[in-house]
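Residue numbers start from 1 in every chain, and the chains themselves are labelled A, B, ... in the order their sequence lines are given, proteins ahead of strands.
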Number of protein chains: 2
Amino acid sequence: MHILQTLSEMFTLTDYAGTMVKKILIVLIAGLLMPQIDLKGEDGYRLWLRYEMIADQQRLTSYRKTIQGWHVSGSTATMQVIRNEMRIALGGLLGKSIPESDNVNMNGLVILGKASSPSLAEFKLTEKVTRVGGEGYLIFKTVSKGKNVIVITGNEDVGVLYGMFHFLRLLQTNTDISQLSVESSPRIQRRILNHWDNLDRTVERGYAGFSIWDWHKLPGYMEDRYTDYARANASIGINGAVVTNVNANALALTPDYLKKFAALANVFRPYGIRIYLTARFSAPIDIGGLKTADPLDENVKKWWKDKAAEIYQHIPDFGGFLVKANSEGQPGPQNYKRSHADGANMLADAVRPFNGIVMWRAFVYDNNVPDDRAKQAYSEFEPLDGSFHDNVLVQVKNGAVDFQPREPYHPLFGSMPKTPLMMEFQITQEYLGFSTHLVFLPSFYSEVLNSDTQVKGKGSTVSKIVDGSLERHRLSGMAGVANIGTDRNWCGHPFAQSNWYGFGRLAWDPAVTPATIAEEWTRMTFSNDEDVVKTINTMILASHEAAVNYMTPLGLHHIMGYDHHYGPGPWVKDKGRADWTSVYYHKADSLGVGFDRTASGSNALGQYAEGARNEFLLPQCPDKYLLWFHHLPWDHKMRSGRTLWDELCYKYDEGVSAVRQMQQSWQSLSNKVDIDRFKQVKMLLAIQEEEAVRWRNSCILYFQTFSSRPIPTGLTKPEHNLEYYENLHFPFAPGTRPKW
Amino acid sequence: MHILQTLSEMFTLTDYAGTMVKKILIVLIAGLLMPQIDLKGEDGYRLWLRYEMIADQQRLTSYRKTIQGWHVSGSTATMQVIRNEMRIALGGLLGKSIPESDNVNMNGLVILGKASSPSLAEFKLTEKVTRVGGEGYLIFKTVSKGKNVIVITGNEDVGVLYGMFHFLRLLQTNTDISQLSVESSPRIQRRILNHWDNLDRTVERGYAGFSIWDWHKLPGYMEDRYTDYARANASIGINGAVVTNVNANALALTPDYLKKFAALANVFRPYGIRIYLTARFSAPIDIGGLKTADPLDENVKKWWKDKAAEIYQHIPDFGGFLVKANSEGQPGPQNYKRSHADGANMLADAVRPFNGIVMWRAFVYDNNVPDDRAKQAYSEFEPLDGSFHDNVLVQVKNGAVDFQPREPYHPLFGSMPKTPLMMEFQITQEYLGFSTHLVFLPSFYSEVLNSDTQVKGKGSTVSKIVDGSLERHRLSGMAGVANIGTDRNWCGHPFAQSNWYGFGRLAWDPAVTPATIAEEWTRMTFSNDEDVVKTINTMILASHEAAVNYMTPLGLHHIMGYDHHYGPGPWVKDKGRADWTSVYYHKADSLGVGFDRTASGSNALGQYAEGARNEFLLPQCPDKYLLWFHHLPWDHKMRSGRTLWDELCYKYDEGVSAVRQMQQSWQSLSNKVDIDRFKQVKMLLAIQEEEAVRWRNSCILYFQTFSSRPIPTGLTKPEHNLEYYENLHFPFAPGTRPKW
């Protein structure tokens, strides 16, 4: 009772009052001191929406002065969502309940509403708000009838929602809000997560447990997680979710499943998120009783039209279809000697009456092993430019092979000017260490988006193609293959959340820098402590380069374990087809290593516009793309002055060193980060270090059998021989493809 | 600020003091009102170990007076576990931090320690404590050097741990502790959860998500959930876990996996829990490079001896093997014309040097469809009585078919007096509605345990056979097939936790009544509010009978959906083998329904001892077992006075009504139960009601095709025809068997 004595002494209360105070305080303090036994800790579930009380007292005081109440205009479902978020966010951040107010003439009020709502009439926003479009928003500070207020507004409810999350982000990152004048709208229209989730709840290339969609219990049992998923996405501007795998099962289009999707759509709608589905091209046969799925067959067309109408009955704002056709065994129009455009257009016509779209993937390769698989998507799609209907987007992976640790941008970007091309990034770390490696992907996304195709002269960046501005397309889109699963922290690794976050931020604005994303995310997810921010930012901004170095430096690619893609496998050969092996891609021999994609080789380089192509030629080709485009002798002289062989060894070693540096950095935060996540990340970094060493040793030993050169002195020698690494097996590595 | 005005008015404080009070209160109440933004809610993760502050003020005051400090003697890992649990439990329950004390001469002290520890020397416990054995404990109130203290002690650390959880249970259930004199020890030695968890993290017959064992990330990444799993089990006396599926994969015995199991064993050890593994009988071939797995082959024997030694290198307290052999396609000794005893004894010899045991399952059926599958386990095992080595337990399912909603006890109980028989219950609801049906299983477990085999005269209950007392066996055991998965609330359904809880309690003491278990669990899991306790207890104690009624009343069995076992399937026929169909079991025809297991039929009844057998004969056979043992005409006159057909219809309808009654009862608690679980259970009960109706309608319509009799007037008519129900398909119902 020491504190109580002190308090009553301090206030020199009368005996009676003092006794009363004591009694009241006993009850209240008992409540306050109640230990946190809910095991809540920082389990990562809250993502970047933690809303912990602001630790900086000065900032807190200033915010509390600026924000004394809030008013939400309107009562739609989205406005209710805004109310709920404001209540919990401000209560958490400011450490006290901030009242919702009916009185709009109040100092320190935050007013949220559509520009057209009566509460905002006095601000005469009509003209100004028009500029930000359907999803954009304005946030500004102003004086209304003598009172200082903050206005968050947009043309539509969802704009206000996005504006609110922007405003909350400012508070979460402790930003000065004494001057506020924000105008923002998305540069890309369809900002979509692709879930490769199967109907049996396995997730292809999923490393965070299993599918968060509990199909069996849907639609009767609705988990809170569905709502929290929608909240998290809305907070970073994601407005669509393809909830089923591109390797699709037609049963997803049967009425039982449509009811399940509709239940999810109902949860997502107030958050501005639409549902999309993957369409298995053979569905008219699989579940429709037809004998063909030929896209030019009238019965097939009718079946899809009817199916689309049925889907819209269940989900009035259904977004449309994502299709993987004639790729890796999936059926498609080519089965009927029709083109990808024939297939896409037929589906596009089916959803057109309802304003639906079709996203048609360009990740294709047929059963004939090509001279260079990197060329195939271009070869098949470039000639089709101009033949797609106007509600079709062609969805192109960031690179021409397959989500490698690093790839040059896909040559289709810039090569189909008449077609809106959608970017497909992979957030889940299929080739980047699953969910145990800390790899910050916005660095890589930005590298791709900022690549200059030069198709219309310098400055024709990939981002200008994706956002549609280069060719003034009506539609634009960016997809990210989700890294979300049933793991409590959503993504398996606390830091993997940053890739989900960063994808959303870049889809809204491809110009946001990785450094900005890193800082925002760190402040919201961990702490605003400057040491923590600086240390974590340094760690994560270097992490992608580190992973590339210990996995596939200097442009090496596709040398991972077979099938599950876990760990190194440069020795993989003699599989079902040549382009599923590693030797096909690295082409190491006694003379050298690398894939010659110049005119003397596969000439994949010829698929790039001239300006860009020249930059990939020797000698100017950047080291990071060297072996992607060139087969070079082991003694090739590098920029560093070293031979190629020595440089390769050094790069692998640098990758390992960088991981060890991350471990040290993390250890320095032991008292500055909550114990739960500190321990988790520490364990994960230890795994990453071990696997980085395995990558380095495996690859150096393997390539040494060709180079016949010694490992440079000063570098650590592998502790096992090559045979040891070749004989490691991981029969149940997670995330492999579904068996059906 | 209304509350503050009221308070200051009420206490008529002086102005100054009043102002001070207000200021203090504003700060404190702001803290208290801080919104629960951690999304913690009551998500079920805490199970029955919630440790919420005691709401009954009188009880709280009394506890706070009685418990003013605690002292733990010793510093072993288990004692650290006890410290941690005492700290969070008392802090939560008593709403304030209760200090750990070094001073053992203090009023209101709870002293925890081994009877042999110096702190407890004065109590002279040596003789008394001997009686409770290695796992038992004493809890008593006494006066020590003039101070009132509570002593919790045992012979071993784990006894103290169990005693502590018993003591905490008393507090959690608001039990009067003014007089305390508890002496308890387990009646059954091996109290084990069987996890049917596969190496790919699917769970056979698992309905709460996927395996909590993240094999890929083990041993490097250790989840908090592993510790909380151990805590929960220890709190109910479970002391073993078989962490892999009985349909086993030999890879689990390779070094990579042994390291993963060892990591789990290290977490479990302080909680008194041992790891056991399933042994695939063909492992010497699968991973050992041998050509045979013949248990009498010297190389095979040596392989297993070496393997056992290797396992004990990793896990010094490894418990032993659980084996499913020559059943449902699993390999076994019969492949080599050896007996089950030959197989079991060979493995038993391998683990004997390390005090390991073998649990050999009696759930067998070979490829020849027998006249009555219910007879097969008995036929194969009864002749082997006396031939098993003394570290072998034969593990017998509670009934002779397969975990049906209700079964008479297995005739092997009482038929193998020379062999310790281990009980195998199923906690996961394979045949009882998966994780969406509220079915309280301790009612059924008790029904089985209290069944009287009469093999040594009246009173030869199944529980006396299982606990070994009837034949004075050295070993005893009870296994429960776990219902645990990755779902946040562990078991999928908030009420499914009660089956895990109840299994543990009954394994410790088979005499605990279902009513006691229900009340303990409800108080700890939901509330001590008398209305809540009464309402929930009434719901759950009637729930098993309800499920039996809407699924398989009057002794019907095995009429569920094929393969996945989801929903009704009385029409299932023409499958791979006759005893995988429903028609094999219900034998409905125009004359009647039921399986004649009397002497005129399969004579499975002959496997029971005479006294028990007689009770299953007509006319005395209880209604609940009627169609299990007898094929009876549709017009058979029932005890109720109705015909069998009418009674069947009434029973199905009663099942549905009982579910609706549960819905009403639950609704009455809308303001008395936290909103999160209230909503969850409400949704789940709605699903249960829908599925109960489907069961009723499907079965009545199906059996009506044989009975050709009308549904009795007054009962609801099915809203669809039989064809409708037969055509419902659930291709991705969860929990099916692994494909490898």
Side-chain angles (χ1 to χ4, degrees), chain A residues 7 11 13-14 17-18 20-21 24-25 28-35 37-41 43 45-46 51 53 87-89 91-92 95-97 199-201 207 209-210 214-217 220-222 224 228 251 434-436 486 488 676 680 683-684 686-687 690 730-734 739, chain B residues 7 11 13-14 17-18 20-21 24-25 28-35 37-41 43 45-46 51 53 87-89 91-92 95-97 199-201 209-210 214-217 220-222 224-225 228 251 434-436 486 488 676 680 683-684 686-687 690 730-734 739:
Chain A
L7 275 171
F11 296 128
L13 299 175
T14 61
M20 283 301 110
V21 171
I24 298 164
L25 287 178
L28 291 175
I29 291 183
L32 283 176
L33 295 185
M34 208 166 88
I37 51 114
D38 59 358
L39 305 169
K40 150 204 160 188
D43 62 12
Y45 182 77
R46 296 183 295 166
Y51 303 141
M53 190 161 90
R87 188 175 48 73
I88 62 171
K96 61 177 186 177
S97 177
L199 301 184
D200 64 1
R201 290 188 77 185
Y207 311 105
F210 293 81
D214 190 345
W215 302 123
H216 180 69
K217 283 182 173 172
Y221 187 75
M222 301 301 295
D224 285 345
D228 290 323
L251 286 173
F434 290 14
S435 65
T436 44
T486 48
R488 181 65 182 165
D676 294 333
Q680 286 172 2
M683 289 187 281
L684 291 164
I687 295 174
E690 190 183 309
F730 307 95
F732 291 100
K739 300 294 180 277
Chain B
L7 276 171
F11 295 129
L13 298 176
T14 62
M20 282 300 109
V21 170
I24 298 164
L25 286 179
L28 291 175
I29 290 183
L32 283 177
L33 295 185
M34 208 168 86
I37 51 113
D38 58 358
L39 304 169
K40 151 205 160 188
D43 62 12
Y45 183 77
R46 296 183 296 168
Y51 303 139
M53 188 162 88
R87 187 175 48 73
I88 62 170
K96 61 176 189 179
S97 177
L199 301 186
D200 64 2
R201 291 190 74 185
F210 293 81
D214 190 344
W215 302 123
H216 180 69
K217 284 183 174 170
Y221 188 74
M222 301 301 295
D224 285 345
R225 194 175 263 256
D228 290 323
L251 287 173
F434 290 13
S435 64
T436 44
T486 49
R488 181 64 182 165
D676 294 333
Q680 286 172 1
M683 290 187 280
L684 292 164
I687 296 173
E690 190 183 309
F730 306 95
F732 291 100
K739 300 294 180 278

Asks: Roughly how far, to the nearest 0.5 Å, is OG of Ser435(B) from NE2 of His216(A)?
Replies: 7.0 Å
Asks: Using heavy-atom distances under 4.5 Å, tell me whether Gln680(A) contacts chain B through its side chain, its backbone, both, or neither.
Replies: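 Gln680(A) touches chain B through backbone and side-chain heavy atoms alike.
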Asks: Taking the side chain as everything from C-beta on, heavy atoms only, tell me whether Thr436(B) gets closer than 4.5 Å to Tyr221(A).
Replies: no
Asks: May I ask you to name which of Leu684(A), Thr486(A), Asp224(A) has the most heavy-atom pairs under 4.5 Å with chain B?
Replies: Leu684(A)
Asks: Using the six-membered ring wherever Trp is involved, compare the ring planes of Phe210(B) and Phe210(A) and label them parallel, tilted or perpendicular (cut-offs 30° and 60°).
Replies: parallel
Asks: Can you name the closest pair of heavy atoms from Asp43(A) and Arg488(B) and give their distance?
Replies: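 That would be OD2-NH2, 3.9 Å.
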Asks: For a 4.5 angstrom cut-off between non-hydrogen side-chain atoms, does Leu251(A) reach Pro731(B)?
Replies: yes
Asks: Sort Phe730(A) into side chain, backbone, both or neither according to what part of it lies under 4.5 angstrom from a heavy atom of chain B.
Replies: neither
Asks: At a heavy-atom distance under 4.5 Å, which candidate from Arg225(B), Glu690(B), Met683(B), Arg201(B) has the highest pair count against chain A?
Replies: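 That would be Met683(B).
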